[in-house]
There are 2 protein chains.
Amino acid sequence: MTPLSARALPVANHQEPLQRSVPRADRVPNKKIIRELNIKVTTQRLMILDVVRNGPSHFTAQDVFEAVAARHPEIGFATVYRFLRTLSEHKYVTEVRMGGMPARYEWAGKRHHDHLTCASCSKIVEFENTEIERLQEKVAKQFGFSLTGHVLELYGICPECRAKENAADRR
Amino acid sequence: MTPLSARALPVANHQEPLQRSVPRADRVPNKKIIRELNIKVTTQRLMILDVVRNGPSHFTAQDVFEAVAARHPEIGFATVYRFLRTLSEHKYVTEVRMGGMPARYEWAGKRHHDHLTCASCSKIVEFENTEIERLQEKVAKQFGFSLTGHVLELYGICPECRAKENAADRR
DNA sequence: AAGTTAATTGCGAATGACTTTCATTATCAG
DNA sequence: CTGATAATGAAAGTCATTCGCAATTAACTT
Ligand SMILES: [Mn+2]
Ligand SMILES: [Mn+2]
Ligand SMILES: [Zn+2]
Ligand SMILES: [Zn+2]
């Protein structure tokens, strides 16, 4: 695997247990994380954080709401949105809003990566490409900008969906 | 300018007249473009298309609405949205929806490019980087995807805003 | 442990960007 | 010119997200 090649990252869907590059962060108790934000440790915040950290990645606010509501039905949407925003502002989660669909979030305690999404079945592959990152810096510098962030989302058709399409066409 | 370097593209803001890579498309009358879509040639479509093609780039539906309404106050929002969608579906305009803000559109009769946006003053620089494009293809192929599109938006602080910040800090 | 109080919650209403509905109007093939 | 059909505009509807606010609660302070 050359430094130029993209590396697949474990995704919730096809994931097997394996050691992460940031194992420590994953052991920090939720309570501590909330305290570090200088806000009150409430049951709802603990529950939301639990879902955020231990549930599937690339979740929507709705996903979090439903997961929490399963055990704590009084939870309100506003609470979920408010806390997700706080987490996002403090870089604990990454928020991606695209294409007029609900925002998706993911716990940021993992290595930086971008997404390759199947336009047909919405499957998400995470990848990391240092060469692209480097070129982005270079572009920014070229225009005198200091780069503060980026959004790179690739869209395509995954092998499975392509196979299905072919089968359908052939018929 | 090496093949690795990004090329600045003319942007409405700081633009000087210069020959485009697709001059022909820019001469096609609006009427003809609409006819090619097999839809009726209406006054509102002609006016919208005029704004889309001759107004500033990276406009919102609201921008188009206001520009058209200036001369034709009966125009409705629905008409603007409907036609922008049609144009977008037929690749005459590119639609970019990001960060929970209104979608921005641009006439697609120009070379493909991505955007570098100032997080402070919202200035937009268009750039083109064939090396990044190539690497995107490579990533997709690596995962067996056929690439159908991508969104690459870089965020940073432009030189001017950086200067302002420094001045403010120093004081 | 009880009291104080400011942060937090959950509800419902409000927003904002579209989209849909539908009665009225305009286009254009014949 | 004329009728069939598409397009328009006003208003109502969606949908994700945010706001306002009275009731609740976490985290101090006695
Ligand atoms: Mn991810
Ligand atoms: Mn552009
Ligand atoms: Zn797929
Ligand atoms: Zn700026």
Side-chain angles (χ1 to χ4, degrees), chain A residues 29-52 58-90 93-105 122, chain B residues 29-52 58-90 93 95-105:
Chain A
N30 291 344
K31 215 176 232 183
K32 193 175 179 196
I33 292 184
I34 299 175
R35 283 220 195 82
E36 278 167 4
L37 296 172
N38 291 315
I39 58 179
K40 290 185 178 172
V41 177
T42 64
T43 340
Q44 15 299 70
R45 282 175 177 160
L46 285 169
M47 300 189 79
I48 292 171
L49 197 44
D50 179 54
V51 173
V52 166
H58 310 118
F59 48 84
T60 63
Q62 177 78 42
D63 294 336
V64 176
F65 175 83
E66 283 168 12
V68 174
R71 321 178 116 265
H72 185 80
E74 324 78 283
I75 188 82
F77 261 99
T79 306
V80 173
Y81 276 111
R82 275 186 294 237
F83 191 43
L84 281 178
R85 172 188 275 195
T86 301
L87 290 174
S88 167
E89 283 170 354
H90 290 270
V93 305
T94 311
E95 178 186 343
V96 183
R97 289 177 154 192
M98 302 234 36
M101 28 191 58
R104 293 196 165 263
Y105 304 81
S122 297
Chain B
N30 292 343
K31 213 176 232 182
K32 193 174 179 195
I33 291 184
I34 299 175
R35 282 219 196 83
E36 277 167 5
L37 295 172
N38 291 315
I39 59 180
K40 290 185 178 172
V41 178
T42 65
T43 341
Q44 16 299 70
R45 281 175 177 160
L46 285 169
M47 300 189 80
I48 292 170
L49 197 45
D50 180 55
V51 173
V52 167
H58 311 119
F59 48 84
T60 62
Q62 177 77 41
D63 294 337
V64 176
F65 176 83
E66 283 168 12
V68 174
R71 320 179 116 264
H72 186 80
E74 324 79 282
I75 189 80
F77 262 99
T79 305
V80 173
Y81 276 111
R82 274 188 294 239
F83 191 41
L84 281 178
R85 171 188 274 194
T86 302
L87 290 174
S88 167
E89 283 169 356
H90 290 270
V93 305
E95 179 186 341
V96 183
R97 289 177 154 190
M98 302 235 36
M101 26 193 58
R104 292 195 166 265
Y105 304 82

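- A103(B) comes within contact range of the sugar-phosphate backbone alone, with a heavy-atom separation under 4.0 Å but no base atom that close.
- Rounded to whole Å, the distance from CD1 on I34(B) to C1' on dA7(D) is 12 Å.
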### Query
Does the pair V80(B) and V68(B) meet the rule for a side-chain contact (heavy atoms from CB on, under 4.5 Å), with working shown?
CA-CA 9 Å; V80(B) 173; V68(B) 174; 5.6 Å; no
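- In the region residues 37-49 of chain A, proximity to DNA chain D at under 4.0 angstrom, judged on heavy atoms, holds for K40(A), V41(A).
- Residue M101(B) contributes atom CE, which lies 15 Å from atom C1' of dT18(D) at whole-angstrom precision.
- Inter-residue side-chain proximity for T86(A) and L37(A) is flagged as met; some heavy-atom pair is nearer than 4.5 Å.
- Atom CZ of R85(B) and atom CD of E95(B) lie 8.5 Å apart (nearest 0.5 Å).
- No donor-acceptor pair under 3.5 Å is formed between the side chain of R97(B) and the backbone N or O of A103(B).
- Screening F83(B), F77(B), Y81(B) against F65(B) for a ring pair (Phe, Tyr, Trp, His ring centres under 6.0 Å) leaves a single residue, F77(B).
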#### Entry: Full working for side-chain contact (heavy atoms from CB on, under 4.5 Å) between I75(B) and M47(B)
CA-CA 10 Å; I75(B) 189 80; M47(B) 300 189 80; over 6 Å; no
### Query
Q44(B) and E74(B): side-chain contact (heavy atoms from CB on, under 4.5 Å), yes or no, with the steps?
CA-CA 9 Å; Q44(B) 16 299 70; E74(B) 324 79 282; over 6 Å; no
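- If you take CG of L87(B) and P of dA7(D), they are 13 Å apart, rounded to a whole angstrom.
- Of all the residues in residues 62-82 of chain B, A78(B), Y81(B), R82(B) reach under 4.0 Å from DNA chain C with at least one non-hydrogen atom.
- Contact check for V51(B) versus D63(B): no side-chain heavy atoms found under the 4.5 Å cut-off.
- Rounded to an integer number of Å, the gap from CE of M98(A) to P of dC18(C) is 13 Å.
- In this structure, the OH atom of Y105(B) is 12 Å from the P atom of dA17(C), given to the nearest Å.
- We find that CZ of R35(B) is positioned 16 Å from C1' of dA7(D), with the value rounded to whole Å.
- To the nearest 0.5 Å, the span separating OH on Y105(A) from OG1 on T60(A) amounts to 8.5 Å.
- Computed from coordinates, the F83(A) CZ to dG10(C) P distance equals 13 Å when rounded to whole Å.
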### Task
Could you check I34(B) against L49(B) for side-chain contact (heavy atoms from CB on, under 4.5 Å), going step by step and ending with a plain yes or no?
CA-CA 9 Å; I34(B) 299 175; L49(B) 197 45; 3.8 Å; yes
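- Nucleic acid contact class of R97(B) (heavy atoms, under 4.0 Å, all strands): sugar-phosphate only.
- Interatomic distance, CZ of R45(A) versus CZ of R35(A), reported as 13.0 Å (0.5 Å rounding).
- Helix bend of the helix from dA1(C)-dT30(D) to dG30(C)-dC1(D): the angle between its two end axes, each built from five pairs, comes to 30° after rounding to 10°.
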